Amino acid sequence: MTSRHLLSGPEPDPARDAGHPEPPPRVGFFTDTSVCIGCKACEVACKEWNAIPEDGLSLTGMSYDNTQGLGASTWRHVAFIEQQVPAPDGRTQLPLADGRTQLPLADGAPDASGPPDGAGELRWLMSSDVCKHCTHAACLDVCPTGSLFRTEFGTVVVQEDICNGCGYCVPACPYGVIEQRPDDGRAFKCTMCYDRLGAGQEPACAKACPTESIQFGPLDELRERAALRVDQLHTAGVEGARLYGHDPDDGVGGDGAFFLLLDEPEVYGLPPAPVVTTRDLPTMWKHAGAAALSLAGAFAVSFALPGLLRRKATR
């Protein structure tokens with residue numbers, strides 16, 4: 001990591017550094033995928049509250065997922081991931097988190113007696129993905145119009161009426177979250193229901209989640225709660241349980257929306273080690289400045305050298 005500055009490194013109070021003099025505690029999401037049932041209530045609540053247009057709802061043919069990924073018109077996306085998992089002894093089911101449904105298969109049909117010897121099992125990994133509201137948000141850093149801004153709650157919001165559709169924010173996001181709508185080119189993403197936060201309410205997705213897979217609150221409290229949940233799952237035998245996006249020392253300074261996963265991040269379509277894409281901008285500008293000075297010096301020498309040579313030749 002580079003030394004601390006506003007583009008990278010540990011950042012304990014992003015809202016204050018963004019100009020909010022007395023901000024409230026930073027808030028965020030903790031998504032516990034071990035109790036997600038894939039009901040998509042969060043997707044529906046998000047669309048209803050924020051008046052987001054439908055986006056095709058076309059099945060891929062590969063899963064029950066009909067929204068496929070986050071985008072300008074999908075601010076919450078529930079991933080459906082099927083895994084064929086080998087059973088250690090061919091008889092017992094793998095230990096999974098409470099609330100996880102597991103369907104052992106025999107001859108292609110559900111069989112409550114368990115899989116045959118040596119066969120694997122089918123398990124669902126379901127996860128409600130969302131904008132991470134990064135501590136160091138590259139989308140915000142590259143926005144030329146100020147359309148993206150840091151709120152007093154530490155979240156990152158797009159002002160759609162200021163967005164000019166330049167699209168700089170799209171490649172800047174290390175998670176591929178933000179997207180432009182094809183009809184007018186403006187960028188959209190989750191706002192963490194900024195209007196609801198201002199009224200003292202929780203975001204619509206967390207309010208609608210029936211299993212409390214999506215938990216909302218002060219970020220420090222959520223991190224403590226998540227650590228306890230991981231310990232609980234490890235004690236129960238779920239060795240694959242891990243946190244993702246919770247570490248303030250990671251490549252984005254920690255996420256405002258982090259996750260408890262039951263497998264590697266890549267399985268869920270998440271980058272294993274995200275890094276804010278604007279982290280090295282100060283160094284890049286220094287190198288660019290040095291190169292410009294060198295080029296200017298070379299031009300100056302190229303213009304001055306003929307005159308020096310002529311004077312030397314006339315002596």
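Atoms considered below: every heavy atom in the structure, side chains included; atoms not considered: hydrogens, waters and symmetry mates. Please read these numbers as outputs of a predicted model, since none were measured by experiment. Residues: numbered from 1 along the sequence shown.
I37 and P210 make their closest contact through CD1-CG, 4.3 Å (heavy atoms, listed as atom of the first residue, atom of the second, distance). Heavy-atom minimum distance, R181 versus S73: NE-OG, 3.3 Å. Residues S128 and I214 share a closest heavy-atom pair of OG-CD1, 3.7 Å. When all heavy atoms of A72 and F188 are compared, the closest pair comes out as O-CB, 3.4 Å. Closest approach of F216 to L197, counting heavy atoms only: CZ-CD2, 3.3 Å. Residues F29 and C205 share a closest heavy-atom pair of CZ-SG, 3.5 Å.
A 4.5 Å side-chain heavy-atom check between V252 and P174 finds at least one atom pair inside the cut-off. At least one side-chain heavy atom of I178 sits under 4.5 Å from a side-chain heavy atom of L148. With contacts defined as side-chain heavy-atom distances shorter than 4.5 Å, the pair T135/P248 does not qualify. Contact check for C46 versus I52: side-chain heavy atoms found under the 4.5 Å cut-off. Between W75 and V130 the shortest side-chain heavy-atom distance does not fall below 4.5 Å. At least one side-chain heavy atom of C42 sits under 4.5 Å from a side-chain heavy atom of V78. The shortest distance between side-chain heavy atoms of P144 and C166 falls below 4.5 Å. Between M192 and F153 the shortest side-chain heavy-atom distance does not fall below 4.5 Å.
Counting only N and O atoms by type, the side chains of R76 and T67 include no donor and acceptor under 3.5 Å apart. Residues Q215 and T31 bring no donor and acceptor atom of their side chains to less than 3.5 Å of each other.
Pairs of residues two or more places apart, or lying in two chains, that qualify as side-chain hydrogen bond (donor to acceptor under 3.5 Å, both in side chains) and include a residue from residues 182-208 are W49-D195, E152-Y194, D184-R186. Screening residues 255-273 for salt bridge (Lys or Arg N to Asp or Glu O under 4.0 Å), with sequence neighbours left out, gives R123-D263, R242-E264.
No donor-acceptor distance shorter than 3.5 angstrom exists from the side chain of H136 to the backbone of D141, with no hydrogens or angles considered. A donor-acceptor distance shorter than 3.5 angstrom exists from the side chain of Y268 to the backbone of L262, with no hydrogens or angles considered. Side chain of H133 to backbone of V156: a donor-acceptor contact under 3.5 angstrom is found. Remark: the backbone N or O of D13 is paired with a side-chain donor or acceptor of E11 at under 3.5 angstrom. Distance alone, capped at 3.5 Å, places no donor-acceptor pair between the E160 side chain and the A187 backbone. No donor-acceptor pair under 3.5 Å is formed between the side chain of S147 and the backbone N or O of V158. Of the possible donor and acceptor atoms, none in the side chain of H246 sits under 3.5 Å from a partner among the backbone N and O of F259. The main-chain N or O of P271 is found under 3.5 Å from a side-chain atom of Y244 such that the two form a donor-acceptor pair. R16 places no side-chain N or O within donor-acceptor distance of the main-chain N or O of E22, the cut-off being under 3.5 Å. Formation of a donor-acceptor pair under 3.5 Å by the T33 side chain with backbone atoms of S127 is not found in this model.
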Inset, instruction - Dump the intermediate steps for side-chain contact (heavy atoms from CB on, under 4.5 Å) on V267 and L261, then the final yes or no. - result: CA-CA 10 Å; V267 173; L261 306 178; over 6 Å; no

Inset, instruction - Could you give me the CA-CA distance, side-chain angles and deciding distance for M126 and I81, then say whether side-chain contact (heavy atoms from CB on, under 4.5 Å) is met? - result: CA-CA 6 Å; M126 298 176 182; I81 303 163; over 6 Å; no

Legend entry - R150 and L140: CA distance, side-chain angles, deciding distance, side-chain contact (heavy atoms from CB on, under 4.5 Å) verdict: CA-CA 8 Å; R150 179 83 60 180; L140 186 156; 4.0 Å; yes

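A continuous path of ILVMFWY side-chain contacts below 4.5 Å connects L243 to L270, so both sit in one hydrophobic cluster. In this structure, L219 is a member of the same hydrophobic cluster as V230, with clusters built from ILVMFWY side-chain heavy atoms closer than 4.5 Å.
Put simply, SG on C143 and CD on Q159 are 9.0 Å apart, with the number rounded to the nearest 0.5 Å. Residue K132 holds its NZ atom at 15.0 Å from OG1 of T155, rounded to the nearest 0.5 Å. One finds the OG1 atom of T145 at 9.5 Å from the CG atom of D161 (value rounded to the nearest 0.5 Å).
Residues that satisfy the ring pair (Phe, Tyr, Trp, His ring centres under 6.0 Å) test with F30, not counting sequence neighbours, are F258.
A salt bridge links D32 with R229: the distance from a Lys NZ or Arg NE/NH1/NH2 to an Asp or Glu carboxylate oxygen falls below 4.0 Å.
Within 6.0 Å of CD in E212 there are 12 or fewer heavy atoms belonging to other residues, nucleotides or ligands.
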